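Down below is the structure, laid out as C-alpha cells.
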Amino acid sequence: MFSPGPPRDRLELSERFRAGELEVDRAAMRAVLAGRALTLEPKAFDLLLLLAANCGRVVTKDEIFERVWPGVIVSDNSLTRLVAQLRRELGDDPETPRYLETVRTRGYRFLPAPEAVETEGAPPAAAVAEADADLLDGASHEPDRGESSPDGPRDGRGRLPVRRTGMLRIAAASGVAVLLGAAAFWLVARVDGRSDRRIPGALTQLTVDPAFDGQPAISPDGASVVFVSERSGVPELWLRPIVGGEEKPLTSGDGGAVDPVFSPDGRWICYTSLRHGGIWRIPAAGGTPSRLTDFGSRAAFSPDGSRLVFQSQEPVMLGGGQWVASRDSTLWLLEVETGASTPLTRRGSTPGGHGAPRWSPDGSSIVFVSNDWRLSGIWRVPVAGGEPERIAQTAGWLAEPVFDPTGRSLLALRSTPDRGLAVVRVPLAGGRAAPLETVLPAAPPGTSRLALSRDGRRLLLAATETSGAIERIPLGPRGTAAGPAVAMFPAESARLMVPLFLRPDGRRVVVRRLRPGAGRWDVLFASGEAGVERELRDFGAGIGTWQALLSGEVLLNSGDGVLRTVAVDPVSGRTRPVPEVDVTFASAPLILGGRIAPDLSTMTAAVRQGERFAIVQSRVGQPWAPRTILEDEYVDFPIPSADGARIAFEREVEHRLELWAVEADGSRLRRLAGGAQSWTGGWSPNATRHAFVALRDGAWNVFTVREDGTDEKVLTANLSFSAYYRYPDWSPADDAVVVERTTVRGEVWSLTLDSDR
C-alpha cells in the first residue's frame, strides 16, 4: 500500500488521523467524513494520503504521477478523475474549497492540518451499500409522461448520458498488468438485504494498448480471453491468455468485428461484422470466418451450443453509456447448423427494446435488458416462447446481466446515485428477484461489458474513457466541405455535447458541458473568433429542450426534478421564463422526440400511440391538440426545416434507423438516406439540404443530402469505430456545420471473486 512520509513528505501521518471533519484509518484504507464512510478506490485513497502528508504545500502533477502511479504512464484524465472523486466524496466545492485547493497550472494543496487520533477503540466503519431502494417489483411498466429524465441513461446518442471519464492507463512495459491498489482489496456487499458480507478480490488490468480495448469474453476453460481492439485502426478480435502469454489477432482485414462470444466447447467464436452485417463465426484457433445471419448483434450460445440468441439491433458504437438496444429491437433464435432463425420476442411486450440476451445455465430461459426512458429492467422469457417476465427494474441504468454458474442469481451493471457504476448481484428466488446486492461498489468508470467465468470466480469487465470535442466544418457550394473540421473549444476531460448555432446570424454556438464528477450541466456560449464568451455553471442536472430562438436566445429545459424552461441571452446571460412551453410538455402524452419552432409557435414531436408511433404537431401555449402528420411502426427525432415546410425524421427499416423526410402537410414521403444507421441533424437555411450522421463501412461520418434524397456528400473522413459524431447543426449563414465528436478509449480488467457462495 502507498505509504507517505519524510524525507519526501512534510509529515509522517499517523495510522489514524483527523483533518477537519475527515477521519482516516490508513491500515484499513477507510475514510469517514462527519460519520459518513467515503467510497474511494485505492488510487484515490493514495492521492488523499499524499496530499494530507503535504498539507499547505502545493503537490505538483508530476509528483503525483510519480508517487501514485510509479513506473506507469497515465493521462491527465486519470488524475482529473481521482480529484473529482475526492471532491465529490468530501463534498468540496472547487471554488471555495475546505479540503482540496487547485493551484492552476501547478497542482493541488491540501488545506486542513492532520492530527493524530488515538488508536484505541473501533476503527471507522466501512460504507455498506443500501439495498436497492429503486427496485420496482410489481410497479407499472409505463414510463413517466412528459419530459425525458435527466438522470437515467439514453442510447448511444447521449439522450440520457451516463458515461464517465475513465481511467486509461498505459503500462510502461507492454503486456504488464497493472494491479489496482494492493494485491487484494475488500469489496463490500449486502446479503439478502439483512447483513454485511465481504467478498475479497483483486482487480487487475489485462490490456494496456492506448487504442480501444473492450468487449471481453472468457473461454470455457477460463484460460483465455477474446476481446475487441482497435490497435490496427479498425475493431478486430484479439486473443490472449488471462495469465501471462502474448496477445494475437484473430480477425484481420474484415472491416470490423465486435461482440465476441465463445461456444460452450471452446471451438468457435461468434461475432458481429461491422462491414458485412450479421452474426459470423470463426474457429477459436484461427481460420476462415463464415456467416450465420445477415442482421443482428450480441449473440449468446445455448448451453449445448446448438443455438444462438441475438438481438435485432445492430452495433451502434464501442464502449458504454448507451442503451443496450433501441425501442424497435427484439430477440431472435438461430439454429447454428441449419441457419434457421425465428423471432423469440415481439416489439411492445416490454416498455423498451430487447438487448444483451443471456442463456440460463439449464437452457430453459433467456434474460435480457429492456430500457425505456426513466426505467431500466432485466426480463426473462422462456425459450419455448411466451410473454417476458420482469425480474428486476430500477430508475437508473441496469444492464449487462450474466448468470452465475448455479443459475440462482445474475451479475449486472447499474448506475449509482453519484453518477458512477456498480456491479450488483440479482438473486433469483422462485422466479422473482430479491433486493439487489452490491458486489463492486465502484466499478471502473465507463464499465460497459461483463463476462463471468464458468466457475464464477473471475469477472471480466471493460472500462472506457470518453473525450468530447465540438468541431466546425466549413461549407462550400451544394453542401460540400470547404476545408477540414476545426475544434471550437479547448480540449478538456469534460463531455461537450449537442452544439447549436444561435439565431439569427449564427456567429455564436451554444453547447452543453458535463464536468467529471460534477453531475450537473454547464452551458457554454462561444464564437469562432473569441472562443468561449460566457459560461453558465451548474445550470441543472439535465437539459431536455435545447433549441435556438429567433430572438437570439437559447431555450433551455432544466431538470432537477422540476420542469424549468427558460430562454437565455448569450450576451448578458440573463434568463427569462417561458411558461407556455411548460404547459405544452405537461399536458402532452409520451413525447419521444420533440422540436419547438424558433418563434415558439409550434412543437413538432414523435409520440407513441400504443405499439405504433406518429409524428405530430401542436400549437405551443395551447391545450395539447396534435395534428398527425405521419403514423408508422417506428419514427422518432423529427427535425422541421426553418420555414416549417418539411420534416426530417428517423424511421426503423429492417432493424436500422434510416433518414426520411415528409412535407408538413403529410405529403411526399421519401427516404433521404438508408441501408445503414442514420441520425437526423439540421436543415440548410433554404431547406434544400439536410446534414446528418451515418454509420457506413464500420465508421460514423457527417453527410449532407438534397431534400429529395440525391446528391449525397460526405464532410468528414473518420475511419475509426471508436469515434462517432452526433447532432450536426447547419449554420443560419449557410457557411458551416457544427457537430459533436466523441472518442472512446478502453481497457479490459479482471476481477477475481473469492466468494464462498
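For clarity, every value in this text was computed on a predicted model and none was experimentally measured.
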Among residues at least two apart in sequence or on other chains, which ones pass salt bridge (charged side-chain N to carboxylate O under 4.0 Å, His left out) with E314?
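In terms of salt bridge (charged side-chain N to carboxylate O under 4.0 Å, His left out), with neighbours along the sequence ignored, E314 is linked to R656.
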When the ring planes of [X] and [Y] are compared, do they come out parallel, tilted or perpendicular, using 30° and 60° as the limits?
X    : Y    : value
F703 : F692 : parallel
Y634 : F613 : perpendicular
H690 : W683 : perpendicular
F295 : F310 : perpendicular

Expected output: side-chain [X] to main-chain [Y] donor-acceptor under 3.5 Å:
X    : Y    : result
E658 : V653 : no
R503 : F501 : yes
S312 : T330 : yes
T716 : N718 : no
R281 : L292 : no
W700 : V316 : yes
E740 : V498 : yes

Less than 4.0 angstrom from a charged side-chain N to a carboxylate O is my criterion; do [X] and [Y] meet it?
X    : Y    : value
R668 : D708 : no
E387 : R346 : yes
R627 : D665 : no
D729 : R595 : no
R478 : D711 : no

Flag side-chain contact, heavy atom, 4.5 Å: R670 against E707
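Heavy-atom side-chain distance check passes, below 4.5 Å.
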Do T272 and I279 touch side chain to side chain, with heavy atoms closer than 4.5 Å?
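They are in side-chain contact.
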Value rounded to 0.5 Å, distance of CZ in R507 from OG in S731
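Between R507 CZ and S731 OG, I get 11.5 Å after rounding to 0.5 Å.
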What is the distance from atom CZ of R726 to atom CZ of R741, rounded to the nearest 0.5 Å?
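Separation between the atoms: 13.0 Å.
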